[in-house]
Amino acid sequence: MATAGAAAATVLTPEQAKARALARVDYPANRLANIADLMVNEPMDISYPDADSPGVLLKLGQAVEGGVGPEGDVVAFSVLCPHKGWMMSYSAADKTLNCPGHHSRFDCETGGQQVWGHATSNLAQFTLRLDDSGDIYADGVDELIYGRLSNVL
Ligand code: FES
């Protein structure tokens with residue numbers, strides 16, 4: 001049963017509406033690769049949402065959080081460590097991204113969840129979409145990319 005409280009929660013003051021509008025980010029839809037270009041557990045270097053934001057595109061071989069494609073196993077992440085921005089590398093052995101700076105580790109099978117180290121947030125995961133031809137597009141980011149006040153500059 002709908003309640004008056006629930007309805008009241010959707011009414012925004014003009015200031016709240018303005019703040020919400022300012023918080024919205026329009027992400028570009030960038031083609032990263034075709035799914036036929038990917039091999040299981042072999043990372044592909046990409047960048048998103050712009051050339052100054054390096055990332056990695058992965059086909060993990062089993063359905064995972066945020067995964068797209070027929071197997072739900074294609075994901076992409078920023079490779080800039082959320083702690084202090086060191087460039088991370090992929091470990092195929094345990095499907096993690098690993099930071100050489102202070103050894104933070106992020107699990108690519110659980111949406112970039114931090115599993116070790118100094119970082120205080122999970123890794124930024126890129127939102128992916130697959131079209132009918134197998135082209136993979138990124139069109140969003142779920143966390144703030146290291147060093148940015150906004151993911152889209
Ligand atoms: S920069 Fe990655 S853990 Fe410090």
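Start at 1 and go down the list; that is how both ligands and their atoms are numbered.
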N, O or S from Cys81 under 2.8 Å to atom 2 (Fe) of ligand 1: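 Short answer: yes, at least one N, O or S atom is under the cut-off.
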His83 near atom 2 (Fe) of ligand 1: N/O/S under 2.8 Å: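 Looking at His83, which is the residue asked about, there is no N, O or S atom under 2.8 Å from atom 2 (Fe) of ligand 1.
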Numbered atoms and elements of ligand 1 in range of Cys99, under 4.0 angstrom, heavy atoms: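 This gives 1 (S), 2 (Fe), 3 (S) as the contact atoms.
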Element-labelled atoms of ligand 1 that are located less than 4.0 Å from some non-hydrogen atom of Lys84: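 Answer, ordered by atom number: 1 (S).
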Arg31 vs Asp139, salt bridge (Lys or Arg N to Asp or Glu O under 4.0 Å): CA-CA, chis, key distance, verdict: CA-CA 9 Å; Arg31 181 187 179 279; Asp139 55 16; over 6 Å; no
Tyr137 six-ring centre to Arg129 NZ/CZ under 6.0 Å and within 45° of normal: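 Yes.
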Carboxylate-amine/guanidinium contact Glu42 Lys59, below 4.0 Å: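 No, no charged N to carboxylate O under 4.0 Å.
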Presence of salt bridge, Asp73 and Lys95, under 4.0 angstrom: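 Salt bridge flag = no for Asp73 with Lys95.
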Interatomic spacing from CG in Leu80 to CH2 in Trp86 - rounded to 0.5 Å: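 Here the interatomic distance stands at 13.0 Å.
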Of all N/O/S atoms in His102, the name of the one nearest atom 4 (Fe) of ligand 1: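 Checking each N, O and S atom of His102, the shortest distance to atom 4 (Fe) of ligand 1 belongs to ND1.
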Taking atom 3 (S) of ligand 1 as the reference point, the nearest protein heavy atom with its distance: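 Closest protein heavy atom to atom 3 (S) of ligand 1: Ser104 OG, 3.2 Å.
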